[in-house]
Amino acid sequence: MPQEDLSKSYAPAEIEGRWRARWEEGGVFSPSLPAAGETYSIVIPPPTVTGNLHIGHAFNLTLQDLLCRHARQLGKTVLWVPGEDHAGIATQNVVERRLAAEGTSRHELGREAFVRRIWQWKEEYGENIRRQIKAMGASVDWSRERFTMDDGLSRAVRRVFARLYKEGLIYKGDYITNWCPRCHTALADDEVEHAPKRGTLWFIRYPLADGSGFVTIATTRPETIPGDSAVAVNPEDVRYQSLIGKTLLLPLLNRPIPLIADAYVDREFGTGALKVTPAHDHNDWKLGRKHHLEFIRAIDEDDRMTAAAGSFAGKNKMEARELILQGLTDLGLLQESRECEHNVGHCYRCKEVIEPRISTQWFVSVRPLAEKARAAVPGRAAIYPESWLKTYYNWLDNIRDWCISRQIWWGHRIPAWTCAACGELLVEEEAPAACPRCHSTDLNQEEDVLDTWFSSALWPFSTLGWPEKTAELKAFYPTSVLVTGFDILFFWVARMLMMGLHFMNDVPFREVYIHALVRDADGKKMSKSTGNVIDPLEMIAKYGADALRFTLTAFAAMGRDIKLAENRIEGYRHFINKIWNAARFTLLNLPAQEDPMPDMPLESIHGEAHAWILHRLEEIKTRAAAAVKEYRFNDLAQELYKFVWSEFCDWYLEMIKADMQAGGAAQAQARRALLAVMRETLLLLHPIIPFVTAEIWSALPRTAQDRRPDDITQAPYPAARPGCLRPETATRMEVIQSAIVAARTIRAELNIAPSAPLCAIIRPQDAPKAAILEANREMITRLARLGSLHLNPDAPAPKLSARQVAAGSEVIICLEGAIDPEAERARLDKELNKLAKERLMLQSKLANENYTQKAPADLVERDRLRVEEIITAENKLKTVRDKFNT
RNA sequence: GGGCAGUUAGCUCAGCGGUAGAGCACCGCCUUCACACGGCGGGGGCCACAGGUUCAAAUCCUGUACUGCCCACCA
């Protein structure tokens, strides 16, 4: 690309589009198998097909892409599998809402038409999501894209279900479950969110059957009274001991129920007497089982009272509550009511209040699976940050059987059939033709579908082709790392470990990196249902994908949530622009592409600035690689930011400008060094910001022998160049920079025009410093804008002059006439104050014998030297200040 | 009720034993031939509070106070 085309400021849209197309059409991220050498793989946490990607996805994608691109640079064969999740309940809800808006419903459409409708929806939104993943620059392999309900994955689901059933790890039965009356389905325990809710605690009298009085119970849910089958008290409770075993009459219904004793009951709460409703409360259900109580379903799946509720039958449960309370009041059985706050379960998809309800469901016996999953971490699968280990263990240790059936239509229909003729239950991977027992062909498949997370749990191996023995599976399982948010640690991560270990006999991933959640301005979790989402596409349109990616990377500190504000993205766009302009400068100063550039070993380049920047580059290479390996993404971003902006642009480019004009050997060296540093810096940046680096890379000229690929995605990580690692250059550079800064500070603080050349005297501290300064006289003169420079430890200072103490030298600027002595004196006072403060701090430290004796000797020595330095500086400045006093 | 984070410059956050840093914002000066999405310089913090360990504590320990999150069956 011709140089003239590099515009003054970076315009991402066109460039991103071009590279995206090139990468996609070239299939550059599709690894060919069998893989040569080491492999690296990631399966994408599949976004749901229901909606748009939010900023959390953008974050998740950025980190994975960074890891994948880096792994490619290290020469590994990399596979990043993309895909989407069918998200049963969520998707069904969305489509149902749309149907409602159209004035129809899924029931009107019927199951088949409804599911067809969702498939259409999926095609539409799947494309949307693909577009967004592409917009982020994610280097996924689209040729291996999967969907949780595609044929292959559906088969994997059936295989797993059938096998677990035959192994006795899946069973069907009547249990208390979490019922969402709105989604009309059972939910797993972890799909219920508990939130405190203000309510009323009613104290209700249950008369004793023998007419000898009452037992008063406390409840927040009077509508469940028709479902009561006992009242329970603590056996130790003296108030009730004499009544245990007696019969009570259920108010309004006059049904006799026993008064039972159980240690579960808390004597302190309410009246110490608990009404037991086994069919509508998890704890009561346990009590019911233990004491063989009746299970009375008082509320149906639509939140209406059942026939068991007598005259309340057919009423909505909230209406029934009012009627029951009224009835109790009329009978004088409502003793009192109090305000109270209690935890109420809500559906994690629609936020509706959960009704515990007994129903027939399918369950996975997770204990045996959980034990294996527990044992595998952190030995076989490591979790980062480690703080999540405890949470992970705690969950597995307290795990209950997993309810996997859902009473919805969108999802994997359970592969179980009941024989209409003999009632035999058949569970098979493929639909059986006839009942093996009675040979009837009249078989009815289960209506229920599986929990979405059931198929998600198989994702790492199902996407690679299981149950077929594919080349992908062989090459890429276990995957290298799973990158995800902690919100789905239980839903997904733990279950993948269970299934992976059970069916593949190996962990699904070697490492898990748990990243923070991107929250909104108030620190609230972003979610589609809350509507507080930020659209990454909008950010990309405004600032470019690279700016967004860099921002997210810079924020990715372990174990900390991200509160993202748009102006941060804007800030990092400036950084992208800075890189762009550094590249423009580079191109302006390099020969055109077709001119062969002289090759010379970089180790042989001895210019002060070149040696220094090459040395720093070596350090950065090492540090950047380590940061990626250890998932310290924020360190990576910060390190590169500082290097590029503060060192490469602010100092190095300024320093070499003269060389670039000089021609000859100086220019040749500068060109060679600049090109090398630019190119390798691009490689270091590329995993974070692929587009701008690709564009610049392709525009850079090459040396005669250069055989590097045109496309930066194909280029390896910059090799270490030990010969360029020269720590002494950093020390030397500090002396130079410090002198320049001193002169600039004087200029700025004394309001000397930037264009006015300064007459400067620099007094080096010692001979080595003098040599360094002397060797870089031209550079110092230029960067500090000096008119003249006298380098001499003993040079006399003119009467009217300003001084600044630098590292390794003292800088004196002549102020013949034009300068306000008041200003200089004030400046000197300020400087003296600063020095005195530091000196006092150090001196008091050194006065402490404990310190001088116990602290490391080099530290003490360093402090002593510093004090000496300060005293010398103070004396010098004082002398000058005194002159101004006269 | 249990567990886990966080509390550092106006804002967002790094630092996690040697006496405080970044970005943005702010204040000067500058249309210097890569970049005003810029350059140069500057101001700003008893590092939540109270104890303790240590020669030395944002940094380690123990409490306290807020804030947020996760888990848990308190009717």
Across the strands shown, which category fits [X] at heavy-atom distances under 4.0 angstrom: base, sugar-phosphate, nothing?
X	value
A:Trp645	sugar-phosphate
A:His194	nothing
A:Arg785	base
A:Arg744	sugar-phosphate
A:Asp266	base
A:Asn343	base
A:Lys275	nothing
A:Tyr641	sugar-phosphate
A:Val741	sugar-phosphate
A:Glu654	base

Can you find a side-chain donor-acceptor pair between [X] and [Y] that sits under 3.5 Å?
X	Y	result
A:Asn234	A:Asp262	no
A:Gln804	A:Thr745	no
A:Thr277	A:Asp228	yes

Which of these nucleotides, [options], is closest to any side-chain atom of [X]?
X	options	result
A:Lys657	B:G23, B:C30, B:A34	B:A34
A:His342	B:C30, B:C71, B:A75	B:A75
A:Pro856	B:G18, B:C24, B:A34	B:G18
A:Arg862	B:C70, B:G18, B:A34	B:G18
A:His574	B:C73, B:C37, B:G41	B:C37
A:Asp650	B:C40, B:C29, B:A34	B:C40
A:Asn394	B:C71, B:C35, B:C70	B:C71
A:Asn848	B:C55, B:G28, B:G3	B:C55
A:Lys286	B:G41, B:C73, B:C70	B:C73

hbond_proxy [X] side chain to [N] base (donor-acceptor, 3.5 Å cutoff):
X	N	result
A:Tyr264	B:C73	yes
A:Lys578	B:C35	yes
A:Ser9	B:C37	yes

Rounded interatomic separation in angstrom, taking [atom1] from [X] and [atom2] from [N]:
X	N	atom1	atom2	answer
A:Asn850	B:U53	CG	P	13 Å
A:Ile217	B:C74	CD1	P	18 Å
A:Tyr851	B:U19	OH	P	9 Å

- request: Look at A:Lys390 and B:G3 and indicate whether a side-chain polar atom (N or O) is within less than 4.0 Å of OP1 or OP2.
  value: no
